Colleague: 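Sharing a structure below in structure tokens format, with a few things to ask.
No hydrogens, no waters, no symmetry mates; every other heavy atom, side chains included, goes into these values. These numbers come from a predicted model, not from an experiment.
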Amino acid sequence: METYKIFVINPGSTSTKVELFENEKSIIKGNVFHDSSVLLQFPTINDQLDYRMEVTKKWLKENNVDLTGVSAIVGRGGACYSLTSGTYTIDDRMIADVRQAVGGAIHSSMLGIQMVKKFNQVYGGLMLTVDPVVVDEFQDVARVTGVKGMYRLSNTHALNLKATAKHHAKLNGLKYEDLNLIVAHIDGGITITAHEKGRQIDGINGSGGEGPLTPTRMGSMALTDFVRNLMDKPLPEVRKLLTQGGGFTSWLGTSNSDEIHKRIENGDKLAALLWEALAYQCSKVIGEMACVLKGNVDGIILTGGLMRFDDLSQYITDHCGWIAPVSIYPGELEHEAMRDGALRVLRHEESAKHYTGKPVFTGFNF
């Protein structure tokens with residue numbers, strides 16, 4: 001069997017994760033944490049590109065990782081126009097659309113395919129992305145807002161949500177396409193979604209401001225409160241609250257969850273309240289998704305970096321376990337999903353899709 005060298009790049013709201021594979025085997029992986037106080041120095045997420053490249057190249061050098069001869073470089077996909085699930089070739093049109101966030105998500109995933117391009121210019125290899133954040137499988141009723149011509153967008157951690165759901169089904173001898181699941185990605189960003197028979201039919205737009213507060217995001221609030229308290233602030237300041245400077249960062253000055261948990265252990269009552277509020281708000285949204293599935297829920301899946309904290313997962317289980325069995329998968333399966341997408345293309349098991357620059361949904365025909 002031919003050996004393929006695959007490098008995956010995964011920028012998140014609080015870290016840049018990378019991993020090198022030879023076929024299915026992981027050779028080395030790294031996770032460079034970025035405190036929100038550092039990232040907030042950059043006016044926009046696109047402005048972080050050189051910084052993220054610098055720290056990634058530094059990690060490669062420190063760990064003696066040579067990308068010469070790489071077969072494919074795979075980056076987490078950002079907010080281009082919405083598209084169907086699958087593996088896509090990265091091209092200049094996609095990069096330009098992501099830089100402009102035409103898909104609506106101002107999120108660190110915007111940097112993934114941009115970093116792929118820069119590494120490709122040095123090392124070559126296929127440029128690919130798998131299940132970007134704008135994968136759109138929403139049912140029509142989930143798109144409706146109370147303003148004519150405005151629609152809810154599907155901006156989620158689709159890569160990890162779908163990969164973990166499929167992994168869960170396989171572990172239990174089942175098929176993802178046969179199950180109704182609530183899948184929650186809980187980390188620096190949070191998205192909670194309803195999956196019906198293999199389709200992600202609804203979910204919160206976490207990067208757009210819906211849902212729970214997070215380590216870096218302010219989460220939902222009444223629009224009247226938003227208008228009264230934030231409308232007179234400069235737009236860049238508001239955007240930072242939505243994506244980088246809200247949540248724990250706003251209240252505690254840091255998004256470092258390990259540090260915050262230590263504060264709680266040392267008796268910090270404010271940190272403890274915010275920690276509980278995050279879990280409480282996640283539980284409420286899981287309840288909403290149970291209604292989307294009409295109570296016909298085969299399982300609740302909790303994934304993401306914050307699920308390494310047993311108190312968080314236990315709180316959510318205590319509040320939501322009556323809906324359906326709760327399964328916990330700390331961390332992410334994003335790298336494996338990107339690796340597998342690249343391998344299918346390299347092995348000619350499937351062809352990479354091409355980005356059209358046209359959204360999946362453009363409005364109702366009535």
Side-chain angles (χ1 to χ4, degrees), residues 82 104-105 107 133-147 150-162 164-165 168 176 179-226 242-243 246-247 274-304 306-307 312-329 361:
S82 61
H107 182 260
V133 297
V134 289
V135 167
D136 187 351
E137 299 172 325
F138 273 12
Q139 56 186 347
D140 281 348
V141 70
R143 304 182 187 279
V144 178
T145 76
V147 179
M150 290 181 60
Y151 304 101
R152 293 184 64 246
L153 298 176
S154 178
N155 285 331
T156 70
H157 296 85
L159 180 63
N160 187 47
L161 294 165
K162 293 181 77 71
T164 306
H168 170 81
Y176 169 56
L179 298 174
N180 287 350
L181 301 167
I182 299 169
V183 192
H185 176 104
I186 303 173
D187 203 359
I190 295 174
T191 49
I192 301 171
T193 53
H195 296 238
E196 182 179 60
K197 303 295 187 287
R199 293 177 59 246
Q200 185 176 276
I201 63 170
D202 201 351
I204 59 167
N205 182 348
S207 63
E210 287 187 327
L213 64 88
T214 84
T216 59
R217 301 175 189 168
M218 59 184 277
S220 295
M221 65 167 57
L223 290 176
T224 49
D225 291 338
F226 182 90
L242 286 169
T243 60
L274 292 167
W275 196 256
E276 181 179 2
L278 184 152
Y280 176 79
Q281 292 175 18
C282 286
S283 301
K284 288 173 66 176
V285 179
I286 288 171
E288 292 179 18
M289 295 301 135
C291 292
V292 169
L293 295 171
K294 306 174 189 175
N296 181 18
V297 184
D298 296 304
I300 298 169
I301 297 173
L302 307 180
T303 182
L306 289 186
M307 288 300 94
L312 273 184
S313 59
Q314 189 59 55
Y315 185 101
I316 296 171
T317 300
D318 289 344
H319 282 71
C320 300
W322 59 273
I323 298 170
V326 178
S327 300
I328 301 162
Y329 300 94
F361 174 81

Colleague: In the structure I gave you, are the side-chain heavy atoms of Ile328 and Thr317 within less than 4.5 Å of one another anywhere?
Modeller: yes

Colleague: To the nearest 0.5 Å, how far apart are CG in Leu302 and CD in Gln314?
Modeller: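 It is 10.5 Å, given to the nearest 0.5 Å.
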
Colleague: What is the minimum heavy-atom distance between His107 and Ser207, and which atoms define it?
Modeller: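 Nearest pair, atom of His107 first, then Ser207: CB-CB, 4.2 Å.
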
Colleague: Ala324 and Ile300: which non-hydrogen atoms are nearest, and at how many Å?
Modeller: O-CD1, 4.0 Å

Colleague: Ignoring hydrogens, what is the shortest heavy-atom contact between Val285 and Pro212? Give both atom names and the distance.
Modeller: CG2-CD, 4.1 Å

Colleague: Shortest non-hydrogen contact from Ile316 to Cys282?
Modeller: CD1-CB, 4.0 Å

Colleague: Would you confirm whether His319, through its side chain, and Tyr315, through its main-chain N or O, come within 3.5 Å as a donor-acceptor pair?
Modeller: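 Yes, because the side chain of His319 sits within donor-acceptor range (under 3.5 Å) of the backbone of Tyr315.
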
Colleague: I want to check something: taking the side chain as every heavy atom from C-beta on, are Val292 and Gln139 in contact at a cut-off of under 4.5 Å?
Modeller: yes

Colleague: Once you round to the nearest 0.5 Å, how far does CG of Leu179 lie from CD1 of Ile301?
Modeller: 8.0 Å

Colleague: Only one of Lys197, Lys162, Arg199 passes salt bridge (charged side-chain N to carboxylate O under 4.0 Å, His left out) with Glu137; say which it is.
Modeller: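 Checked Lys197, Lys162, Arg199 against Glu137; only one passes salt bridge (charged side-chain N to carboxylate O under 4.0 Å, His left out): Lys162.
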
Colleague: Applying ring-ring contact (aromatic ring centres under 6.0 Å, His included), can you list everything that pairs with Phe361, at least two apart in sequence or on another chain?
Modeller: Tyr151, Phe364

Colleague: For the backbone of Ile190 and the side chain of Thr214, can you confirm whether one donor and one acceptor N or O come within less than 3.5 Å of each other?
Modeller: no

Colleague: Write down the atom of Leu312, the atom of Met307, and the distance for their closest heavy-atom approach.
Modeller: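 Residues Leu312 and Met307, closest heavy atoms: CB-CE, 4.1 Å.
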
Colleague: Hey, what do you get for NE2 (His195) to OG1 (Thr164), rounding to the nearest 0.5 Å?
Modeller: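 OG1 of Thr164 is found 9.0 Å from NE2 of His195.
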
Colleague: Rounded to the nearest 0.5 Å, what separation is found between the CG atom of Leu278 and the CG atom of Leu306?
Modeller: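 Separation between the atoms: 6.5 Å.
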
Colleague: Let's go through Ile201 and Phe138 carefully: what are the C-alpha distance in whole Å and the side-chain angles of both, what is the deciding distance for side chain to side chain contact (heavy atoms under 4.5 Å, CB included) to 0.1 Å, and is it a yes or a no?
Modeller: CA-CA 4 Å; Ile201 63 170; Phe138 273 12; 5.9 Å; no

Colleague: Quick one: closest heavy-atom pair of Asn155 and Gly104, and the distance?
Modeller: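 So the minimum-distance heavy-atom pair works out to ND2-C, 3.6 Å.
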
Colleague: Which residues pass the salt bridge (charged side-chain N to carboxylate O under 4.0 Å, His left out) test with Glu196, sequence neighbours left out?
Modeller: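 With sequence neighbours excluded, Glu196 shows a salt bridge (charged side-chain N to carboxylate O under 4.0 Å, His left out) to no residue whatsoever.
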
Colleague: For the backbone of Asn296 and the side chain of Asn180, can you confirm whether one donor and one acceptor N or O come within less than 3.5 Å of each other?
Modeller: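 Yes: the side chain of Asn180 pairs with the backbone of Asn296.
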
Colleague: Working to the nearest 0.5 angstrom, can you tell me the gap between Leu181 CG and Ser327 OG?
Modeller: 9.0 Å

Colleague: Among all residues two or more places apart in sequence or in another chain, which pass the salt bridge (charged side-chain N to carboxylate O under 4.0 Å, His left out) test with Asp136?
Modeller: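 Scan of Asp136 (salt bridge (charged side-chain N to carboxylate O under 4.0 Å, His left out), adjacent residues dropped) gives Arg143.
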
Colleague: Taking the side chain from Thr193 and the backbone from Val183, do they hold a donor-acceptor pair closer than 3.5 Å?
Modeller: yes

Colleague: Between Thr303 and Tyr329 (side chain of the first, backbone of the second, donor and acceptor by atom type, cut-off under 3.5 Å), is there such a pair?
Modeller: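 Flag set: sc Thr303 to bb Tyr329 pair under 3.5 Å.
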
Colleague: Just how far is it from atom CD1 of Ile204 to atom CZ of Arg152, taken to the nearest 0.5 Å?
Modeller: 9.0 Å

Colleague: Measure from the side-chain N and O atoms of Ser154 to the backbone N and O of Val134, and report whether any donor-acceptor pair falls under 3.5 Å.
Modeller: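 The answer is no, because no donor-acceptor pair under 3.5 Å joins these two groups.
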
Colleague: Are any of the side-chain heavy atoms of Gln200 and Val135 separated by less than 4.5 Å?
Modeller: no

